[in-house]
Amino acid sequence: MTDTTADTATPDIATTDAAAFHSPVIDWFDEHARDLPWRRPEAGAWGVMVSEFMLQQTPVSRVLPVYEQWMARWPRPADLAADAPGEAVRAWGRLGYPRRALRLHGAAQAIAERHGGDVPRDHGQLLSLPGIGEYTAAAVASFAYGQRHAVLDTNVRRVFARAASGVQYPPTATTASERRLARTLLPDDEATAARWAAASMELGALLCTSKNEDCSRCPIASRCAWRLAGKPAHEGPARRGQTYAGTDRQVRGKLLAVLREAVAPVEQSALDAVWHEPVQRARALDGLVADGLVEPLGNGVYRLPLS
DNA sequence: CATCCGTGGTC
DNA sequence: TGACCAAGGAT
């Protein structure tokens with residue numbers, strides 16, 4: 001900890017201080033945790049995994065109905081693997097980032113073929129599946145299998161930035177310093193660590209939100225470094241916003257919406273109708289084909305992928 | 001490491 | 001009303 005940047009200048013928190021966070025946050029979680037379907041025992045590891053894919057960059061409220069339909073239709077990985085990838089894309093609906101549906105289908109195939117149909121328990125094996133990165137591997141291992149992993153999502157990063165580091169927001173990209181802090185804060189006991197992971201995430205989702213944080217109900221408000229420092233505003237440039245209108249992403253979304261809702265293959269003219277600018281429209285369609293989200297049948301006819 | 005990748009709700 | 005945000009991953 002010798003550098004002096006805003007990201008890493010925070011001193012390491014002492015282990016004794018770290019332990020002081022655990023019980024208040026876990027007790028708060030025991031009382032206030034939302035009853036989400038993927039947290040119920042019957043969800044299993046597959047349910048946890050499906051929920052984690054859907055929750056990547058997507059709010060809980062929009063995931064809930066799609067999750068229920070998904071699990072009813074494909075209760076095990078092998079069920080999804082046996083169906084066409086285009087059906088996964090269709091069932092994904094308007095959750096956004098439809099490549100996640102394709103990756104989830106690919107992960108289900110890998111699980112069916114290489115793991116005997118069971119979601120692997122090993123972090124490294126999870127990490128090797130398509131669509132599973134550092135966060136999701138840790139989340140599945142922790143939430144589904146009760147293992148001890150630092151689970152660093154946007155909620156946890158914000159809670160740690162405030163409670164431990166005393167700043168309003170974490171850095172744009174996850175830093176080594178944040179990972180070190182997360183490991184320091186992780187309880188030694190495996191079951192407690194798994195509980196802590198879910199609890200600290202829930203705290204960020206429900207109380208310690210990006211804006212309008214509710215310190216009055218926070219179980220660690222009295223120990224929160226940011227609050228004790230007078231809640232100083234974020235220093236430095238504002239993070240770049242996500243522009244959307246007029247981008248290729250918007251065009252891709254419109255094109256894929258037509259294909260999702262069509263039962264039969266779609267003619268070029270139906271796709272041309274969604275966007276006025278032909279160059280961008282063609283680029284977007286090419287991108288969808290390159291990503292495997294759309295299958296060209298020739299003669300300007302397209303459909304969702306059958307394989 | 002910055003950028004791309006959807007969608008809809010909120011203040 | 002437009003900018004910001006929501007349980008990230010791949011390149």
Side-chain angles (χ1 to χ4, degrees), chain A residues 7 29 33-34 36-39 43 47-67 89 92-104 106-107 126-144 149-160 168-176 178 182 197-206 208-213 234 237-260 274 283-284 286-288 290-294:
Chain A
D7 293 354
F29 183 65
R34 290 168 292 181
L36 301 172
W38 43 86
R39 287 177 175 164
V48 171
M49 181 173 148
V50 169
S51 75
E52 290 301 335
F53 270 75
M54 292 183 174
L55 288 164
Q56 292 168 1
Q57 299 286 284
T58 306
V60 167
S61 60
R62 283 172 42 212
V63 165
L64 283 170
V66 182
Y67 171 85
V89 173
W92 198 254
R94 305 188 69 79
L95 282 184
Y97 293 145
R99 291 189 296 188
R100 292 181 292 167
L102 225 44
R103 291 170 184 155
L104 180 51
L126 287 165
L127 200 52
S128 74
L129 297 172
I132 295 192
E134 183 58 42
Y135 161 75
T136 303
V140 172
S142 180
F143 301 156
H149 291 282
V151 181
L152 265 187
D153 80 319
T154 187
N155 291 306
V156 174
R157 293 181 63 216
R158 187 175 52 251
V159 168
F160 290 179
Q168 187 178 22
Y169 295 120
T172 305
T174 305
T175 63
E178 285 183 275
S200 54
M201 188 176 306
E202 190 78 338
L203 187 64
L206 295 185
C208 196
T209 56
S210 185
K211 304 181 174 178
N212 307 321
E213 70 281 356
H234 176 70
R239 286 109 67 173
R240 275 196 62 173
Q242 326 165 5
T243 55
Y244 182 64
T247 62
D248 285 6
R249 287 152 84 173
Q250 184 182 23
V251 184
R252 287 168 57 110
K254 287 177 176 296
L255 290 169
L256 203 58
V258 171
L259 289 153
R260 264 201 319 265
V274 309
R283 184 173 66 234
D286 286 348
L288 289 170
D291 287 346
L293 284 163
V294 172

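Lettering follows sequence order; numbering is per chain, from 1.
Straight-line distance between the P atoms of dT11(C) and dG6(B): roughly 14 Å, to the nearest whole Å. Here the separation of dT3(B) from dC4(C), taken at their P atoms, is 15 Å to the nearest Å. If you take atom P in dA2(B) and the same atom in dA7(C), they sit 22 Å apart, rounded to whole Å.
Ranked by how close their nearest DNA chain C nucleotide is to the 5' end, Tyr169(A) and Gln57(A) are led by Tyr169(A). Positionally, the nearest nucleotide of DNA chain B for Arg94(A) lies more toward the 5' end than for the other of Arg94(A) and Asn212(A). Along DNA chain C, the nucleotide closest to Thr243(A) and the one closest to Ser210(A) are compared, and the more 5′ of them pairs with Thr243(A).
Of all heavy-atom pairs spanning Arg34(A) and Ala205(A), the tightest one is NH2-CB, 3.7 Å. Residues His149(A) and Ser142(A) approach most closely at CD2-N, 4.5 Å, considering heavy atoms.
Among the heavy atoms of the strands lying under 4.0 Å from Trp38(A) is at least one base atom, whether or not backbone atoms are also near. Using a 4.0 Å heavy-atom criterion, one finds that Gly133(A) contacts the sugar-phosphate atoms exclusively. Using a 4.0 Å heavy-atom criterion, one finds that Glu134(A) contacts the sugar-phosphate atoms exclusively. Within 4.0 Å (heavy atoms only), Arg34(A) reaches at least one base atom of the nucleic acid. The residue Leu36(A) sits close to a base: some heavy atom pair falls under 4.0 Å. Residue contacts for Phe53(A): at a heavy-atom cut-off of 4.0 Å it reaches no nucleic acid atom on any strand shown. Contact annotation for Arg62(A): base contact, defined as any heavy-atom pair under 4.0 Å involving a base atom. Note on Thr136(A): only backbone sugar-phosphate atoms sit closer than 4.0 angstrom, heavy atoms only; bases stay farther off. Using a 4.0 Å heavy-atom criterion, one finds that Leu256(A) contacts no nucleic acid atom at all.
Under the 4.5 Å side-chain criterion, counting only non-hydrogen atoms from C-beta, Arg100(A) is in contact with Thr58(A). Residues Glu52(A) and Trp38(A) have side chains not in contact (no heavy-atom distance under 4.5 Å, counting atoms from C-beta outward). A 4.5 Å side-chain heavy-atom check between Leu203(A) and Asn155(A) finds every atom pair outside the cut-off. Between Gln57(A) and Tyr97(A) the shortest side-chain heavy-atom distance falls below 4.5 Å.
As rounded to whole Å, 16 Å separates atom P of dC4(B) from atom CG of Leu288(A). Atom C1' of nucleotide dG6(B) and atom CG of Leu55(A) are separated by 15 Å, given to the nearest angstrom. Put simply, CZ on Arg103(A) is 12 Å from P on dC5(B), counting in whole angstrom units. Distance, Gln250(A) CD to dC5(B) C1': 14 Å, rounded to whole Å. Residue Arg252(A) contributes atom CZ, which lies 18 Å from atom P of dT3(B) at whole-angstrom precision. One can place CG of Leu293(A) at 18 Å from P of dC4(B), the figure rounded to the nearest angstrom.
On the nucleic acid side, DNA chain C has its first and last nucleotide under 4.0 Å of a heavy atom of chain A at dC4(C) to dA10(C), going 5' to 3'.
The structure places CE of Met54(A) at 7.0 Å from CG of Leu104(A), a figure rounded to the nearest 0.5 Å.
Residue Tyr244(A) places at least one side-chain N or O closer than 4.0 Å to OP1 or OP2 of dT7(B).
Contact annotation: side chain of Arg249(A) to base of dT7(B), donor-acceptor pair absent below 3.5 Å.
For the ring-ring contact (aromatic ring centres under 6.0 Å, His included) test, no residue two or more places apart in sequence or in another chain qualifies with Phe29(A).
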